[in-house]
Structures are given as C-alpha cells and as structure tokens.
Amino acid sequence: MAHAIFTGIVNSNVIDSNDIYLTNRSNEQALKDYAQELGVNYSYDDKALLAQADYVFIGTKPYDFESLAERIRPYITDKNKFISIMAGLPMDYIREQLDTKNPIARIMPNTNAHVGHSVTGISFSSNFGATSKDEVDNLINAFGSAIEVPEDNLHQVTAITGSGPAFLYHVFEQYVTAGTRLGLEKDQVEESIRNLIIGTSKMIERSELSMGQLRKNITSKGGTTQAGLNALSEYDIEGIFEDCLRSAVNRSIELSNQDDDD
C-alpha cells in the first residue's frame, strides 16, 4: 500500500521528490531499488529523518508496529505529524506506543492509488490543525479522493473501499468463468470483460446519472438485458453484498480490539 501511495504522490508532482525520504526495517537493496524507481531519497538515520520530517507515514505491518515505535520513539520532535496506513490500530494505541501527544491521522486507501483513483477514508486526531489537514488532504487527493469520517467509521470505509477492489475483482472473475462456459475462448472473454469494465467505469465517471438510472437506460422491456436481470433477481444479491461488507467490518473491529487487548 505504501508503494501505491507514494507512486501516486510522486506522479502527481504535489511534492518535490527531493523532499520525500523512505526507510524500512533492514532490506536496503529493496529500499534502494524502490527509491530509485520513484526518484526519491532513502535513509536509515532515524534521528535525521524525524528531525526534518513534517509528515511521517507509518506503513509497517500492524504486528511490526511496536518494534518500529521503540526504534523511532527517542527521535520524535514536536514538528512531526504521523499518518498511519496500518489497518486496525487506533490512534490512542499509536499515541501510546510512540509516547507522544503529536497529531495523528489514520488513512485507509486502496490499491487503486497506483493509478490515481484510490478512495481513501481519513480520520484526524483533535489536535490536527486546519492548515495541516488541508496539506494532508492535498497529499491524499494526489492519488485519488478523500472522505473524512470519525475514527470509528474507518471500519466501514475499510470494508467498502479498502477491501472493495478485491470484492469487485472476485465478481469479475466469476463473470469471466460464466462467460467462458457459454462456449467462447477464455482469452476472448477476459479481454472483452476487461474492456467492458473500463468502458462502464468511464460511463459512470462521465455521467451525472445514478448507476440505477444508467442500468434502466439500457434495459428494454422484454429484451435480453431484462431477461438476465430477471435471473439475477432470483438471488439475494443485496444480501450477499451486505454479508460480505459486514464480515469485513466485523473483522476490522476484531483486529482493533485485539490490539486493545494486547
């Protein structure tokens, strides 16, 4: 996810690449390759990094955060504002581990940041100033769009948009499988559906009509589209997606509670 975010930020030119520094735990070759790919800097000098940093993105795996916090805790300065992309770790826990009262934001992007179209949920601590919020919003908008929500609602955002690409990919996979069973070659079906998805997305993007109205506009009474929709209506599609999203929400809550228990 960090790779997607910084690819989007660099490609948008919202920040001078010379002002971006990357670090990781120990894999210097991977870090060097990534920094060269993006045209940014890297360093393992935590003290120097934090001394200069206005915004510190934390993109480690949640289970690695405690060791990261221990590593950087001595070097935190008053100017540092932390932006967490770690799923499930609440601000209070992050603040406790960092032993700081500095401003903290949590963001929940998705991998569409790679192409500048992430939908990113964001929550700010109460001491995040208005100017700093605007600056963070500009960073987020560099790789998509932002929706500010209370921290408790990040669970829903995680389910709907954070995990959303995977759910849609899964639906598209089933569509390819079903299309192949109609007798066409799989590569033909995959290419056709890939272009179908792209074209449909552009229709949604460029139209002011709701998705429901767009559907109605191509559904003729008694036609082939109506026949297919009638077959779909035999299944509780809405209920299936509600179960999918609620399961993801509940798992996000469970992960957050596990960290509280720890």
Side-chain angles (χ1 to χ4, degrees), residues 1-65 67-69 71-72 75-77 79-89 94 98 102-124 128 131-148 154 157-158 161-166 169 198 201:
M1 187 57 70
H3 189 287
I5 287 174
F6 282 100
T7 299
I9 289 175
V10 169
N11 288 342
S12 72
N13 296 313
V14 70
I15 296 179
D16 190 320
S17 58
N18 289 322
D19 292 332
I20 299 175
Y21 283 78
L22 307 178
T23 191
N24 66 11
R25 181 168 53 185
S26 59
N27 190 339
E28 183 171 4
Q29 187 58 53
L31 183 62
K32 181 179 180 180
D33 292 344
Y34 179 34
Q36 289 179 340
E37 175 190 337
L38 294 181
V40 301
N41 307 290
Y42 78 94
S43 173
Y44 284 103
D45 188 340
D46 294 333
K47 184 176 181 179
L49 286 172
L50 288 163
Q52 297 297 320
D54 292 309
Y55 296 100
V56 181
F57 280 80
I58 303 176
T60 187
K61 298 294 185 183
Y63 52 78
D64 287 329
F65 175 60
S67 61
L68 171 66
R71 167 182 150 189
I72 68 173
Y75 309 120
I76 294 173
T77 70
K79 71 181 296 184
N80 301 146
K81 292 173 273 293
F82 294 93
I83 302 173
S84 168
I85 60 175
M86 300 178 292
L89 299 188
I94 295 170
L98 294 175
N102 288 20
I104 297 173
R106 286 183 60 198
I107 64 173
M108 182 49 60
N110 62 39
T111 53
N112 292 344
H114 274 296
V115 293
H117 283 280
S118 174
V119 180
T120 301
I122 183 167
S123 298
F124 295 100
F128 226 102
T131 299
S132 296
K133 280 187 178 183
D134 289 341
E135 290 176 345
V136 173
D137 283 338
N138 286 336
L139 291 175
I140 302 302
N141 290 329
F143 53 87
S145 59
I147 172 174
E148 183 177 346
L154 282 178
V157 174
T158 297
T161 63
S163 300
Y169 290 144
I198 293 170
S201 298

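For F143, the ring-ring contact (aromatic ring centres under 6.0 Å, His included) test picks out no residue, with sequence neighbours left out. Not counting sequence neighbours, the partners of Q29 by the side-chain hydrogen bond (donor to acceptor under 3.5 Å, both in side chains) test are D33. Partners of H117 according to the side-chain contact (heavy atoms from CB on, under 4.5 Å) rule, which considers only residues two or more places apart in sequence or in another chain, are N112, V115, E205. Taking the ring-ring contact (aromatic ring centres under 6.0 Å, His included) definition, one finds that F65 meets it with nothing, sequence neighbours left out. Residues meeting the side-chain contact (heavy atoms from CB on, under 4.5 Å) test with N24, sequence neighbours left out: N27, L31, Y44. By the ring-ring contact (aromatic ring centres under 6.0 Å, His included) test, F82 is found to be paired with no residue, residues two or more places apart in sequence or in another chain being considered.
Y75 places none of its side-chain heavy atoms less than 4.5 Å from the side chain of D45. Residues I15 and Y55 fail the side-chain proximity criterion, which asks for heavy atoms closer than 4.5 Å. Proximity of I5 to I107: side-chain heavy atoms (C-beta onward) are separated by under 4.5 Å at one or more points. When side chains are defined from C-beta on, K81 does not count as touching V56, because their heavy atoms never get closer than 4.5 Å. Using a 4.5 Å heavy-atom cutoff, the side chains of M86 and T60 are in contact. Inter-residue side-chain proximity for T23 and S43 is flagged as unmet; no heavy-atom pair is nearer than 4.5 Å.
The two residues A4 and T111 come nearest to each other via the heavy atoms CB-O, 4.3 Å. In this structure, S118 and A113 approach most closely via the heavy-atom pair CB-N, 3.6 Å. Of all the heavy atoms in E37 and H3, the pair that sits closest is OE2-NE2, 3.3 Å. The two atoms that bring T77 and A51 nearest to each other are CG2-CA, 4.1 Å, heavy atoms only. Between N110 and T161 the shortest heavy-atom distance is ND2-O, 2.9 Å. Smallest separation of non-hydrogen atoms from L89 and R106: O-NE, 3.2 Å.
When atom types are taken as modelled, the side chain of T120 and the backbone of I140 share no donor-acceptor pair closer than 3.5 angstrom. A distance-only check finds no donor-acceptor pair linking the side chain of N138 to the backbone of V14 [under 3.5 Å].
Around CZ of F57, the count of heavy atoms belonging to other residues, nucleotides or ligands within 6.0 Å exceeds 12. No more than 12 heavy atoms of other residues, nucleotides or ligands sit less than 6.0 Å from atom NZ of K47. When the shell of 6.0 Å around CZ of R71 is examined, it contains more than 12 heavy atoms from other residues, nucleotides or ligands.
A distance of 8.0 Å separates CD1 of I72 from CG of N80, quoted to the nearest 0.5 Å. A distance of 6.0 Å separates CG in N18 from CG in N41, rounded to the nearest 0.5 Å.
Each of I94, I83, I58 was scored for a side chain to side chain contact (heavy atoms under 4.5 Å, CB included) with I104, with one residue passing: I94.
Aromatic ring centres of F6 and Y34 lie farther apart than the 6.0 Å criterion allows.
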